[in-house]
Amino acid sequence: MRAELVAGLLAPQPSTSPKFLYDALGSKLFEAICELPEYYPTRTEAAIFDAHLYDMARAIGRGSTLIDLGAGNCAKAARMFPSLQPLQYVPVDISVEFLRSAVDGLRQQFPQIRMTGIGMDFSTEMALPPAVRREKRLFFYPGSSIGNFTPDEAAGLLGRIRGACESDGGLLIGVDLVKDKPILDAAYDDGLGVTAAFNLNLLRHLNGLLDADFDVRDWRHVAFYNEDASRIEMHLEARRDLTVRWAGGERRFGQGERIHTENSYKYTRQGFLQMLERAGFGAVRTWSDAQGWFLVCHARV
Ligand code: AVI
């Protein structure tokens, strides 16, 4: 992790992986982002699920093994239990302790569902233990987190999910769609400055991980929709010439120089359906909101 971070900071165009945005405070700030009026994805996706839950359950069928990728507090999947009635629930997350307490709570509420929590970085591997039923696996990947991967990485992840679906599984996934630039710009640069705090908090996290001396007051949040690349870009920009030091190294940043901290790709409906097809999925059903801002897809093998 250290080597990866230092290599990113020393690159000609410095960058860090978006996973470093999520320390304890970063995760809380992301929860706050989801409450912002400008950040439409969370509430738009939730409204699609609320409106079509039973239609989705009919399309998917009951009695699946529900594998929740990046489960977090497991709340999104738990809302689907009454309609989907899964036989087994398998939340997967890199943050094991957080997952353990969420699953303990859910076990009391839904004693009839077998639950197997897994600590795994599913962006690089999809090794499910034998305790996970092979029949009717339903992978659940809401929140448009697929957008935080490059299209090549996203295609690789979809291919690995397809491989793990076996012969009768599927994928239920949420995807944020291309829309007018001012809406996207505001969603990632809100008036209250919560997204700015989320981005700047990365520097505090790096100070802890690298024993570095970033001063958040020397940096400013920059986020904009890059229409050519179909993605939101988040950066941290140096407010003045400065040198950052960490244990074993340092880098000089000129005023205006940026660290690229996150991309959030936006897809067209057609473009995403093609990606699912290329990954080897067959029939796809989709649900969207009236404005066509967000898409939920169920793809069968
Ligand atoms: C987690 N992910 C889907 C969010 C997004 O919209 O790309 C992360 C985020 N970054 C800034 N605001 C929200």
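Both ligands and their constituent atoms are indexed starting at 1 by order of listing.
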Kindly print each ligand 1 N/O atom paired with any protein N/O atom under 3.5 angstrom away, one pair per line, or none if nothing qualifies.
| residue | atom | partner | partner atom | Å |
| --- | --- | --- | --- | --- |
| ligand 1 | 2 (N) | N148 | OD1 | 2.9 |
| ligand 1 | 6 (O) | Y39 | OH | 2.5 |
| ligand 1 | 6 (O) | Y188 | OH | 2.5 |
| ligand 1 | 7 (O) | N148 | ND2 | 2.9 |
| ligand 1 | 7 (O) | S264 | OG | 2.7 |
| ligand 1 | 10 (N) | E262 | OE1 | 2.7 |
| ligand 1 | 10 (N) | E262 | OE2 | 3.4 |

Listed pairs under 3.5 Å, donor-acceptor, residues 108-119 side chains, sequence neighbours left out:
| residue | atom | partner | partner atom | Å |
| --- | --- | --- | --- | --- |
| R114 | NH2 | A131 | O | 2.8 |
| T116 | OG1 | Q88 | NE2 | 3.1 |

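- Paired with E233 under the rule side chain to side chain contact (heavy atoms under 4.5 Å, CB included), one option of R258, E262, H260 passes, and it is H260.
- With 3.5 Å as the limit, one finds no donor-acceptor pair spanning the side chains of R204 and N207.
- Taking the side chain to side chain donor-acceptor pair (under 3.5 Å) definition, one finds that T42 meets it with nothing, sequence neighbours left out.
- V222 forms part of a hydrophobic cluster together with F224, judged by ILVMFWY side-chain heavy-atom separations under 4.5 Å.
- For NZ of K181, the number of neighbouring non-hydrogen atoms (other residues, nucleotides, ligands) closer than 6.0 Å is greater than 12.
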